[in-house]
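Below is one structure, written out as structure tokens, with a few remarks after it.
By convention in this document, chain letters (A, B, ...) are assigned in the order of the sequence lines, proteins followed by strands, and residues within each chain are numbered from 1. Since we're looking at a predicted model, the values are computed, not measured.
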Number of protein chains: 2
Amino acid sequence: MYSLAEENYLKAIYHLEQQTKGEVSTNAIAERMSTKPSSVTDMIRKLADKKLLSYKRYKGALLTSDGRKTAANVIRKHRLWEVFLVEKLNFHWDEVHEIAEQLEHIKSEELISRLDKFLGSPDFDPHGDPIPDKHGNVKRTEKKLLSELNKKQRGVCVGVKESSSDFLQYLDKKKITIGTKVTVLGKEFFDGSMVIQVGRDQFFISKKIAENLYVQTN
Amino acid sequence: MYSLAEENYLKAIYHLEQQTKGEVSTNAIAERMSTKPSSVTDMIRKLADKKLLSYKRYKGALLTSDGRKTAANVIRKHRLWEVFLVEKLNFHWDEVHEIAEQLEHIKSEELISRLDKFLGSPDFDPHGDPIPDKHGNVKRTEKKLLSELNKKQRGVCVGVKESSSDFLQYLDKKKITIGTKVTVLGKEFFDGSMVIQVGRDQFFISKKIAENLYVQTN
DNA sequence: CACAATATTTAGGGTTGTCTAAAAAAACAT
DNA sequence: ATGTTTTTTTAGACAACCCTAAATATTGTG
Ligand SMILES: [Mn+2]
Ligand SMILES: [Mn+2]
Ligand SMILES: [Mn+2]
Ligand SMILES: [Mn+2]
């Protein structure tokens, strides 16, 4: 089994790979993990020795399929625990991430399999992120950022990009949650700000908000 | 907050104090933790510096009230998680200890408070052990070992001393669980073995079995 | 292309928690 | 009480992870 530190590196690299679509740089990993590039070099070497990723000096890291599977499994655990915390323990969706960061490292296949069943095998976590299956496969759905919509387009909120407490609490205040229907009433091309309709309310949102809300249009 | 290693030492010392009713020796701790006495010396120094226990060279360790409270809290978490695993995830009582050993180190007051409520604030874990309250207080009940009973006495099984898989599976085979009524039909003073009645069955048990089953007589 | 800026690695350490081997203290036995 | 056995501590080392500072490779710019 892998150590807590190793699992956290794998998870970080997994997420970064999705953005960069290719090798992940030492500095990017250091940034994401709030650690120093020299520490990253050490760890990446170790993970390469264990065949969890491939690494050539100065060329960045790329997960092997073993590494990708291991990372996906940690993410699966994280998201299942988040569902548990929200659905069963009635935590609010902005309170669960830190606790799930700890719970995701608990080692027991059986535990996760039973937890999954107990929760009704959910497909998404409380923030709308997909839960990988036990083989590490993620069902990708086509979703776009609210900021990509144009005037008069309509979408259903399916997730958040950021899930900081501040952002989630803002959404609550505006009565936006997973499943909420949003219509773009106006879009300002100068600053990307929008006026949107949510239920009976109409209000202004900045580009930053629109860039952190995922919607599905159908 | 305390490290995983520190919490495990505190827990071990807490349990040992209950047996020895006084200072706990370095060797006893080493034995219980499957570690070396020299490692124990290092750690109890550190815990003494942190005022979690008092320690004088060659004189063994004694938890301070801070240390005792911290230990009881870890045990509270362990036992609550065991209840969760058995009651909610349908684990068998012989499968939960190892997983609870990991879960007991998750750090979040709020999590435990909500978990406790979710489980209906149980007083005992699946093995009949009392769950300390949030202040670290344990409700002690008078229970005795089945081996202390004499011929014709009757008791209700309220817990197990050992909770190894082997022992718990033996109990299952004999249909003994928490709440089961047991009557001593015969007791052999030479080897401490007994013949007992459980439901409609009568059978022989060794002293070792009788010494690991707690009963309440009233 | 050369040089400056940036990214990455290497060298050398620190901390936590573990171990073995040896020294010292305490307990036991005659 | 003295010698032996057992317990406990000390000394020195190691693995996992992390850090700072310095060296080196890569990238970007004129
Ligand atoms: Mn999360
Ligand atoms: Mn999430
Ligand atoms: Mn247990
Ligand atoms: Mn238990």
field: Nearest-0.5 Å distance, CD of residue B/Glu110 to CD of residue A/Glu95
entry: 6.5 Å

query: Do we see a donor-acceptor contact under 3.5 Å between the side chains of B/His135 and B/Asp133?
result: no

message: Does A/Thr26 reach a base, just sugar-phosphate, or nothing at all? Heavy atoms under 4.0 Å.
response: sugar-phosphate

Kindly list each side-chain donor-acceptor pair under 3.5 angstrom involving residues 23-45 of chain A, sequence neighbours excluded, with atom names and distances?
unit_1	atom_1	unit_2	atom_2	d
A/Ser25	OG	A/Ala28	N	3.1
A/Thr41	OG1	A/Pro37	O	3.2

message: So, OP1 or OP2 of C/dC19: does either fall under 4.0 Å of a side-chain N or O from B/Thr35?
response: yes

- line: Residues at least two apart in sequence or cross-chain that pass side-chain hydrogen bond (donor to acceptor under 3.5 Å, both in side chains) with B/Glu162, listed by chain then number, are B/Ser164

field: Nearest-nucleotide 5' precedence on DNA chain D, B/Gly60 against A/Leu4
entry: B/Gly60

- request: Grab the CE-C1' distance between A/Met33 and D/dC19 for me, whole Å please.
  value: 14 Å

task: Please list, chain by chain and in numerical order, all residues satisfying ring pair (Phe, Tyr, Trp, His ring centres under 6.0 Å) with B/Tyr9, sequence neighbours excluded.
output: none

message: Rounding to an integer number of Å, can you tell me how far B/Ile44 CD1 sits from C/dT18 P?
response: 13 Å

query: Could you state the NZ-C1' distance from A/Lys36 to D/dA22, rounded to the nearest angstrom?
result: 16 Å

- request: Kindly say if A/Ser3 contacts the phosphate of D/dA16, meaning a side-chain N or O under 4.0 Å from OP1 or OP2.
  value: no

- request: Return yes if the base of C/dT8 and the side-chain atoms of A/Ser38 contain a donor-acceptor N/O pair under 3.5 Å, otherwise no.
  value: no

DNA chain D-proximal residues of residues 5-23 of chain A, any heavy atom under 4.0 Å: A/Ala5, A/Tyr9

query: What is the distance from CG of A/Asp42 to C1' of C/dA11, rounded to the nearest Å?
result: 11 Å

message: Do A/Tyr214 and A/Leu145 make a side-chain contact, defined as non-hydrogen atoms from C-beta onward lying under 4.5 Å apart?
response: yes

message: So, does B/Asn27 get its side chain near the phosphate of D/dT6, meaning an N or O under 4.0 Å from OP1 or OP2?
response: no

field: A/Arg45 side-chain N/O to C/dT9 phosphate OP1/OP2 under 4.0 Å
entry: no

Contact under 4.0 Å: B/Thr41 side-chain N or O vs D/dT9 OP1/OP2: yes

- request: Using the test ring pair (Phe, Tyr, Trp, His ring centres under 6.0 Å), find all partners of A/His105 that sit at least two apart in sequence or belong to another chain.
  value: none

task: Check the distance between C/dA7's C1' and A/Tyr55's OH and give it to me in whole angstrom.
output: 11 Å

- prompt: In terms of side-chain geometry, is the basic nitrogen of B/Arg76 or B/Asp116 positioned less than 4.0 Å from the acidic oxygen of its partner?
  reply: yes

Protein N or O to nucleotides 24-29 of chain D N or O, pairs below 3.5 Å:
unit_1	atom_1	unit_2	atom_2	d
D/dA25	O4'	A/Tyr58	OH	3.2

- prompt: Please give, in whole Å, the distance from D/dC19 P to A/Met43 CE?
  reply: 11 Å

- prompt: Is there side-chain contact between A/Asn8 and A/Glu104, with at least one heavy-atom pair below 4.5 Å?
  reply: yes

